[in-house]
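Computation of the quantities below employed the complete heavy-atom set of this structure, encompassing side-chain atoms and omitting hydrogens, waters and symmetry-equivalent molecules.
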Amino acid sequence: LAHGIKEHGGRLTIVNRSDHRGRRLAEEVGGDFCPLAGFSGSGVEILINTTSVGMAPDTDRMPISHACLRPGMTVMDIVYNPLETQLLKAARTAGCTLVDGVAMFVHQGAFQFQRWTGQKAPVQLMKKTVLEALKPAA
């Protein structure tokens, strides 16, 4: 994600709990660094959670506080189980635009399918299949 953002001219800020690891990653990808403890969400247009925080079975946690979310912000959570994480629920309440983890999961698979087969990926079928597999048992 970081490389794609930079490749398309986006400004990237890495937010991390670990000062050393966060600074190193930011340097590697040509981005800025902000320690998690100092992150307020101010000036952020797109927030992408690339951690496993909120993933099953630990679904009651969020990687940031509710106060970091602003109306109009786009929030993506790469976690796809559960389909709607606590972060996405809070972002919906805050008036953010949401992108769930299934979107990345499916499109990443579609890209790989196309690279390996040379054929156009059946994205809608792939999404339907993923959603069926993730559906809670009745």
Taking side chain as C-beta onward, heavy atoms only, is [X] less than 4.5 Å from [Y]?
X: Phe33; Y: Leu25; value: no
X: Met104; Y: Leu1; value: yes
X: Thr59; Y: Gln86; value: no
X: His107; Y: Val123; value: yes
X: Asp32; Y: Arg11; value: yes
X: Leu134; Y: Val102; value: yes
X: Thr51; Y: Val79; value: no

To the nearest 0.5 Å, what is the distance between [atom1] on [X] and [atom2] on [Y]?
X: Arg61; Y: Thr85; atom1: CZ; atom2: OG1; value: 12.5 Å
X: Leu47; Y: Thr13; atom1: CG; atom2: OG1; value: 10.5 Å
X: Gln112; Y: Thr117; atom1: CD; atom2: OG1; value: 11.5 Å
X: Ser65; Y: Leu36; atom1: OG; atom2: CG; value: 9.0 Å
X: Asp77; Y: Ser52; atom1: CG; atom2: OG; value: 10.0 Å
X: Arg23; Y: Cys34; atom1: CZ; atom2: SG; value: 9.5 Å

When clusters are formed by joining ILVMFWY residues with side-chain heavy atoms under 4.5 Å apart, either directly or through shared neighbours, do [X] and [Y] land in the same one?
X: Ile5; Y: Val15; result: no
X: Leu98; Y: Val44; result: yes
X: Ile48; Y: Ile64; result: no
X: Met76; Y: Leu131; result: no
X: Ile78; Y: Leu12; result: yes

Search all heavy atoms of [X] against all heavy atoms of [Y] and return the closest pair with its distance.
X: Met62; Y: Ala90; result: SD-CB, 3.7 Å
X: Leu69; Y: Cys96; result: CB-SG, 4.2 Å
X: Ser18; Y: Arg21; result: OG-N, 3.2 Å
X: Ala121; Y: Met126; result: CB-SD, 4.0 Å

When Asn49 is tested against each of Leu87, Leu88, Val75 for side chain to side chain contact (heavy atoms under 4.5 Å, CB included), which residue passes?
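Result for side chain to side chain contact (heavy atoms under 4.5 Å, CB included) with Asn49: Leu87.
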Around [X], counting heavy atoms of other residues, nucleotides and ligands shown, do more than 12 lie under 6.0 Å from its [atom1]?
X: Lys128; atom1: NZ; answer: no
X: Arg24; atom1: CZ; answer: yes
X: Glu27; atom1: CD; answer: no

Is the shortest side-chain N to carboxylate O distance from Glu132 to Lys135 below 4.0 Å?
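Result for this pair is yes, salt bridge flagged.
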Stepwise side-chain contact (heavy atoms from CB on, under 4.5 Å) test for Val29 and His3:
CA-CA 6 Å; Val29 296; His3 291 290; 3.9 Å; yes
